Colleague: 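Just dropping this structure here.
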Amino acid sequence: MYNKLEQKILDLKKEYQHDKYHNSDKNIDDNDKKLIIKQANAVSNEVLKAFFRDEEPPLKITSLMTNLGFDLLKNSQFPQKELSGLLALNLKEKLAGKYSDKVIIVNGQDSIGHQRFTIAHELAHYIFDAIEGEEYYEAYYRTDEENTKKIKEYRANKFAANLLMPEDIFKRKYYELLDRFKDIDLVKNALTVVFKVSYTAVDKRFDELKLGYINDR
């Protein structure tokens, strides 16, 4: 028996199972970007509506994933330090039956903000790219610029950004902090605390939402 959140995620998975961008390793181009961003924002907003509702940030990503039946693990001894995380679905036997059918492993040497982004990124792959009940494995290299050009990675990053830093809430907090600090760099640092994300993630969100300009106020 699925809870309401699980059912919502399963419905979203079915909706995108036959999408033309499903699990696509094709490099993204300008024609794809607009639709990909629209998809990422729409689906992350549906997840927020089902789980987050009117709460204040930061999003309780661990609680969200637990409600979806995921095992979340940290590994501080990844052989490659640039490896941020892994998603393993229906690979119980290959994991020696030790965990559930839904496992995310994050790099324990990454900051908490980076770990949270990795978890949200892997949730996107679960929704958009994995077929329910079938084996799926994905490794996320946050610093691999070539890899982030792939459609499925680009969409996962956009999903994660909007899930952890929802546009309306992010803008509201931005203007509140701007009135208080009057300094963009101080605002960015404060937002990392408010949303429990990395400075890099906040910086990219500023670019995406076109914030940080002199005439913002």
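Starting from 1, each residue takes its place in the sequence as its number. All values below were derived from every heavy atom in this structure, side-chain atoms included, with hydrogens, water molecules and symmetry-related copies excluded. Just so it is clear, the model here is predicted, and its values are computed rather than measured.
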Colleague: So for atom NZ, which belongs to Lys13, do other residues, nucleotides or ligands contribute more than 12 heavy atoms lying within a distance under 6.0 Å?
Modeller: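 Yes - once you tally the heavy atoms of other residues, nucleotides and ligands closer than 6.0 Å, there are more than 12.
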Colleague: When you compare the side chain of Asn27 with that of Lys150, does any pair of heavy atoms fall below 4.5 Å?
Modeller: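 The answer is yes, as the side chains (C-beta and beyond) meet within the 4.5 Å cut-off.
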Colleague: If hydrophobic clusters are built from ILVMFWY residues whose side chains come within less than 4.5 Å, do Ile36 and Phe159 share one?
Modeller: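 Looking at the clustering, Phe159 is in a separate group from Ile36.
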Colleague: Cluster question for you: counting only ILVMFWY and a side-chain heavy-atom cut-off of under 4.5 Å, with indirect links fine, are Ile112 and Leu72 together?
Modeller: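 No; tracing contacts between hydrophobic side chains, which count when under 4.5 Å, never links both residues.
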Colleague: Looking at Glu138 and Lys152, is any side-chain nitrogen of the basic one under 4.0 Å from a carboxylate oxygen of the acidic one?
Modeller: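 No salt bridge links Lys152 with Glu138.
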Colleague: What is the distance from atom NE2 of His121 to atom OG1 of Thr148, rounded to the nearest 0.5 Å?
Modeller: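 Here the rounded value is 9.5 Å.
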Colleague: Does this structure show an ion pair linking Glu176 with Arg180, if we count only N-O contacts that are shorter than 4.0 Å?
Modeller: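 Here Glu176 does not pair with Arg180 in a salt bridge, since their nearest N and O are not under 4.0 Å apart.
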Colleague: Could you check if a side-chain atom of Leu178 sits within less than 4.5 angstrom of a side-chain atom of Leu211, using non-hydrogen atoms only?
Modeller: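 Leu178 does not reach Leu211 side chain to side chain.
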Colleague: Is a donor on one side and an acceptor on the other found under 3.5 Å between the side chain of Lys210 and the backbone of Asp207?
Modeller: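 Side chain of Lys210 to backbone of Asp207: no pair is present.
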Colleague: Report yes or no: does Asn189 contribute a side-chain atom to a donor-acceptor pair with the main-chain N or O of Asp185 at less than 3.5 Å?
Modeller: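 Flag set: sc Asn189 to bb Asp185 pair under 3.5 Å.
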Colleague: Within the distance-only criterion (no hydrogens, no angle test), does the side chain of Tyr174 pair as donor or acceptor with the backbone N or O of Leu191 below 3.5 angstrom?
Modeller: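 Between the backbone of Leu191 and the side chain of Tyr174 there is no qualifying donor-acceptor contact (under 3.5 Å).
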Colleague: Working to the nearest 0.5 angstrom, can you tell me the gap between Tyr137 OH and Leu87 CG?
Modeller: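 Here the rounded value is 9.5 Å.
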Colleague: From Ile9 CD1 over to Asp11 CG, what is the distance, rounded to the nearest 0.5 angstrom?
Modeller: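 So the CD1 of Ile9 and the CG of Asp11 are separated by 9.5 Å.
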Colleague: Quick check: do Asn162 and Ile37 have side-chain heavy atoms less than 4.5 Å from each other?
Modeller: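 Side-chain contact under 4.5 Å: no.
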Colleague: Kindly indicate whether the side chain of Leu48, heavy atoms from C-beta on, has any atom under 4.5 Å from the side chain of Leu59.
Modeller: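 The answer is yes, as the side chains (C-beta and beyond) meet within the 4.5 Å cut-off.
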Colleague: Within the structure provided, determine whether Ile28 and Lys33 are in side-chain contact (heavy-atom separation under 4.5 Å).
Modeller: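 Sidechains of Lys33 and Ile28: in contact.
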Colleague: Quick check: do Gln17 and Glu132 have side-chain heavy atoms less than 4.5 Å from each other?
Modeller: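 A side-chain contact under 4.5 Å is absent here.
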Colleague: Short question: side chain of Glu82, backbone of Tyr141 - any donor-acceptor pair under 3.5 Å?
Modeller: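 It does not hold such a pair.
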Colleague: Pair Phe170, Val202 - check side chain to side chain contact (heavy atoms under 4.5 Å, CB included), show working.
Modeller: CA-CA 10 Å; Phe170 192 85; Val202 166; 4.2 Å; yes
Colleague: Do you know which two heavy atoms are closest between Ile151 and Asp32, and how far apart they sit?
Modeller: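 Closest pair (atom of Ile151, atom of Asp32, distance): CD1-OD2, 3.9 Å.
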Colleague: Listing request: all ring-ring contact (aromatic ring centres under 6.0 Å, His included) pairs with a residue in residues 50-83, at least two apart in sequence or in separate chains.
Modeller: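 As it turns out, the ring-ring contact (aromatic ring centres under 6.0 Å, His included) pairs with a partner in residues 50-83, which skip direct neighbours, are Phe70-Tyr126.
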Colleague: Would Lys173 count as a cation-pi partner of Phe195, with NZ or CZ less than 6.0 Å from the six-membered ring centre and within 45° of the ring normal?
Modeller: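 That pair does not qualify as a cation-pi contact.
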Colleague: Using atom types as modelled and distance alone, determine if a side-chain donor or acceptor of Arg205 lies under 3.5 Å from a backbone N or O of Met165.
Modeller: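 Flag set: sc Arg205 to bb Met165 pair under 3.5 Å.
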Colleague: Should we say atom CD of Glu56 is surrounded by more than 12 heavy atoms from elsewhere, each under 6.0 Å from it?
Modeller: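 Yes, CD of Glu56 has more than 12 neighbouring heavy atoms, counting only those of other groups under 6.0 Å.
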Colleague: Examine Ile131 and Leu12 and state if one hydrophobic cluster contains both, with Ile, Leu, Val, Met, Phe, Trp and Tyr joined whenever side-chain heavy atoms are less than 4.5 Å apart.
Modeller: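 No, Ile131 does not connect to Leu12 through the hydrophobic network.
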Colleague: Checking side chain to side chain contact (heavy atoms under 4.5 Å, CB included) for the pair Leu163/Ile61: CA distance, chi angles, key distance, verdict?
Modeller: CA-CA 9 Å; Leu163 186 73; Ile61 190 75; 3.9 Å; yes
Colleague: List the steps, then state whether side chain to side chain donor-acceptor pair (under 3.5 Å) holds for Asn157 with Glu153.
Modeller: CA-CA 6 Å; Asn157 282 336; Glu153 299 302 331; 5.8 Å; no
Colleague: Donor-acceptor pair, distance only, cut-off 3.5 Å: does the side chain of Asn45 make one with the backbone of Asn41?
Modeller: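 Flag set: sc Asn45 to bb Asn41 pair under 3.5 Å.
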Colleague: Is it the case that over 12 heavy atoms from other parts of the model lie below 6.0 angstrom from the NZ atom of Lys196?
Modeller: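 Counting neighbours around NZ of Lys196, 12 or fewer heavy atoms of other residues, nucleotides or ligands fall under 6.0 Å, so no.
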Colleague: Apply side chain to side chain contact (heavy atoms under 4.5 Å, CB included) to the pair Asn75 and Leu86, showing each step before the final yes or no.
Modeller: CA-CA 10 Å; Asn75 185 337; Leu86 304 169; over 6 Å; no
Colleague: Can you tell me how far apart NZ (Lys74) and CG (Asp110) are? Round to the nearest 0.5 Å.
Modeller: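 Here the interatomic distance stands at 10.0 Å.
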Colleague: Indicate, with yes or no, if Val193 and Phe117 share a hydrophobic cluster defined by side-chain heavy-atom contacts under 4.5 Å among Ile, Leu, Val, Met, Phe, Trp and Tyr.
Modeller: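 No, Phe117 does not connect to Val193 through the hydrophobic network.
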Colleague: Atom CG of Asp71 and atom CD1 of Ile105: how far apart are they, to the nearest 0.5 Å?
Modeller: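 Asp71 atom CG to Ile105 atom CD1 measures 9.5 Å (nearest 0.5 Å).
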Colleague: Membership question, hydrophobic clusters at under 4.5 Å side-chain separation (ILVMFWY): are Phe181 and Phe206 in the same one?
Modeller: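 Looking at the clustering, Phe181 is in the same group as Phe206.
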Colleague: Does anything in residues 15-39 pair up under ring-ring contact (aromatic ring centres under 6.0 Å, His included), and if so which pairs, sequence neighbours excluded?
Modeller: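 Found Tyr16-Phe128.
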Colleague: What is the distance from atom CG of Asp183 to atom CG of Leu177, rounded to the nearest 0.5 Å?
Modeller: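 With rounding to 0.5 Å, CG (Asp183) is 11.5 Å from CG (Leu177).
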Colleague: Whether the side chain of Asp129 engages the backbone of Asn23 through a donor-acceptor N/O pair (distance < 3.5 Å, no angle test) should be reported.
Modeller: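 Yes.
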Colleague: For a 4.5 angstrom cut-off between non-hydrogen side-chain atoms, does Val106 reach Ile119?
Modeller: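 With C-beta onward as the side chain, the pair touches.
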Colleague: Quick one, His125 and Tyr136 - any side-chain contact, counting heavy atoms below 4.5 Å?
Modeller: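 His125 vs Tyr136: side chains touch.
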